[in-house]
Asker: 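Once you've had a glance at the structure underneath, I'll fire off some questions.
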2 protein chains.
Amino acid sequence: MNEEEYLRTYDPKGFESPLLSVDAVLFTYHEGQLKVLLVERSNHPDKAKWGLPGGFVDLGADTCLEDTVIRKLKEKTGVIPPYIEQLSTIGNNQRDKRGWSVTVCYTALIARQECETHIDSVSDTQWVSLEQLPSLDLAFDHASIVQAGRERLKQKALYSIIPAYSLPERFTLSDLQHVHEVLLGKPIQKKSFRRRIEQADLLVDTGEKRSETGRPATLYKLKSLAGQHTFIRNLEL
Amino acid sequence: MNEEEYLRTYDPKGFESPLLSVDAVLFTYHEGQLKVLLVERSNHPDKAKWGLPGGFVDLGADTCLEDTVIRKLKEKTGVIPPYIEQLSTIGNNQRDKRGWSVTVCYTALIARQECETHIDSVSDTQWVSLEQLPSLDLAFDHASIVQAGRERLKQKALYSIIPAYSLPERFTLSDLQHVHEVLLGKPIQKKSFRRRIEQADLLVDTGEKRSETGRPATLYKLKSLAGQHTFIRNLEL
DNA sequence: TAGAATAAGTGTCAAATCGACACTAAAGGG
DNA sequence: CCCTTTAGTGTCGATTTGACACTTATTCTA
């Protein structure tokens, strides 16, 4: 049998495959806290519990896994987050009562303002701060996935400014430092933080200032953020 | 309908799922080069091409994805590699002629000696050096997966001594330095390399020496390697 | 058997980086 | 006008890093 013949007679339902879904841990920074987007499940299993935005691949509509995450995130937030990165894939026969189940997990970042109106308009979606998360009984193994996403983001805070994607397009260096401090769970020396930012050369001075109390702060934006969004497979480090 | 009832009537073949497989990029260090284990495909599609060891999840035998990789690697090498780490997951409707396909990829490391006899005994398995790899036309998107695995290992070489798992249990610091140099593609300063190793405090002096020409070198082994193997989900950094 | 050759392993020092902290700058408020 | 608040900079000692010469232990060879 040659390949052509094989493909013609190939039956995709010939053997059983695990359930395959995609989940996203979408973070934002708001009111001094990191928050995760949660969705109330409308279907069994774990119906009515809160869980991560995600779902099954649509073999017709999606051309790749990234299409699926984007589609799901857009459904829930109304927009495509500027930063999406593959986190890890979890698959076993215990995490889902229906049997063998695999989920490809992503972490994503967005400014809360970007999706504020859309999220406020629906009742089955909410931002939950990482502090109040332990008190919630999330669906499946989503609690540990959030934990893993948080760990990953913490590492990023050590050597990159990727957490900036959780802030509005224009932000001050103090804003960014606060995000990093929340992630790392400890204060950062102002001078060394600013030295690092300067060396990295990834921010642009917008020329604008923002003034609340005290000296007005310079507003920066990400150089890379020239409109399009950043997509990163976890093929690094 | 309550959850119990839902689960009783749930039909796993109710909707179409992508093909789900697992692939491993198994590296070893031999004769001054990094080599990858390749397997000749015995089935369509891409029959007779060389590809990565891997295959489908066995819903009966495997309790998790890691079981699957371990099973597949043991089939091909006769042993379980001491280091296995999730690399990334690739899924789209182009990589496999049969349609939508997802592969969960792992990188693994092993000493060539550990599986020498088993591999020599079969003809459909071979070590290929990374230099001669571009001339081979690998199955599916396996060439780019190897590339990604290599990149990941390169990063590890910068701040860890994980590449040590590609060496025999006992090795000299010069051995390890050579592996790192091959990975990074440039020479490393002997002193700084040894400083780093010493600080990390992850090696044990076995007390033995190995002498070829020149001064005999101390043989070290990994502290963690107390028999069992290391398994790492890519939830770090 | 005394070098010569070879590879392992150490000492040292200047340069670069990092942490700490005090200082200056620019705004608003009483 | 000075006090408070937050932004942003200067500086200096401590730590880390890179470069390279040097010492040590062994084999080979004349």
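Computed over heavy atoms, backbone and side chain alike; hydrogens, waters and symmetry mates excluded.
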Asker: Give the rounded distance in Å between these two atoms: CD1 of Ile188(A) and C1' of dC21(C).
Answerer: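 Distance check: Ile188(A) CD1 to dC21(C) C1' gives 17 Å.
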Asker: Not counting sequence neighbours, list each pair that qualifies as a salt bridge (charged side-chain N to carboxylate O under 4.0 Å, His left out) and has a residue in residues 138-147 of chain B.
Answerer: Arg95(B)-Asp141(B)
Asker: Got a sec, which residues hit salt bridge (Lys or Arg N to Asp or Glu O under 4.0 Å) with Arg71(B), two or more places apart in sequence or on another chain?
Answerer: Asp62(B), Glu75(B)
Asker: Mind calculating the distance between CZ (Arg194(B)) and C1' (dA7(C)) to the nearest angstrom?
Answerer: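 After rounding, the reported distance stands at 10 Å.
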Asker: Can Arg112(B) and Glu116(B) be counted as an ion pair, charged N to O under 4.0 angstrom?
Answerer: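 Salt bridge flag = yes for Glu116(B) with Arg112(B).
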Asker: Please identify each residue that fulfils ring pair (Phe, Tyr, Trp, His ring centres under 6.0 Å) with His180(B), with sequence neighbours left out.
Answerer: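 Applying ring pair (Phe, Tyr, Trp, His ring centres under 6.0 Å) to His180(B) gives Phe193(B).
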Asker: For the backbone of Ile110(B) and the side chain of Thr28(B), can you confirm whether one donor and one acceptor N or O come within less than 3.5 Å of each other?
Answerer: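 Present.
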Asker: CG of Leu176(A) versus P of dG8(D): gap in Å, rounded?
Answerer: 12 Å
Asker: Nearest whole Å is fine: how far is dG9(C) C1' from Ile197(B) CD1?
Answerer: 14 Å
Asker: Sequence neighbours excluded, which residues qualify as ring pair (Phe, Tyr, Trp, His ring centres under 6.0 Å) partners of Phe27(B)?
Answerer: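 Testing Phe27(B) for ring pair (Phe, Tyr, Trp, His ring centres under 6.0 Å), a comparison that skips the adjacent residues, returns none.
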Asker: Round to a whole Å and report the spacing from CG of Asp205(B) to C1' of dA8(C).
Answerer: 13 Å
Asker: Mind calculating the distance between CZ (Phe193(B)) and P (dA8(C)) to the nearest angstrom?
Answerer: 12 Å
Asker: Report the residues that fulfil side chain to side chain donor-acceptor pair (under 3.5 Å) with Thr103(A), sequence neighbours left out, ordered by chain and then residue number.
Answerer: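 In terms of side chain to side chain donor-acceptor pair (under 3.5 Å), with neighbours along the sequence ignored, Thr103(A) is linked to Asp23(A).
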Asker: One character per nucleotide, please: for nucleotides 10-22 of chain D, 5' to 3', B when the base has a protein heavy atom closer than 4.0 Å, S when only the sugar-phosphate does, - otherwise.
Answerer: BB-----BBBB--
Asker: When the distance from CG of Leu219(B) to C1' of dG9(C) is rounded to whole Å, what number comes out?
Answerer: 14 Å
Asker: Are any of Thr218(B)'s side-chain N or O atoms less than 4.0 Å away from OP1 or OP2 of dA8(C)?
Answerer: no
Asker: Which side-chain N or O atoms in residues 118-125 of chain B pair as donor and acceptor under 3.5 Å with protein atoms at least two apart or in another chain?
Answerer:
unit_1, atom_1, unit_2, atom_2, d
His118(B), ND1, Lys76(B), O, 3.3
Ser121(B), OG, His118(B), O, 2.6

Asker: Given atom CZ of Arg210(B) and atom P of dA7(C), what is their separation to the nearest angstrom?
Answerer: 13 Å
Asker: How would you list, by chain and number, every residue that makes a side chain to side chain contact (heavy atoms under 4.5 Å, CB included) with Leu158(A), sequence neighbours excluded?
Answerer: Gln155(A), Leu184(A)
Asker: How would nucleotides 25-30 of chain C be written as a contact map, 5' to 3', with B for base contact, S for sugar-phosphate-only contact and - for no contact, using protein heavy atoms under 4.0 Å?
Answerer: BBB---
Asker: Counting the atoms with a prime plus P, OP1 and OP2 as sugar-phosphate, which does Thr172(B) contact under 4.0 Å by heavy atoms, base, sugar-phosphate, or nothing?
Answerer: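 If one applies the 4.0 Å heavy-atom cut-off, Thr172(B) turns out to touch nothing in the nucleic acid.
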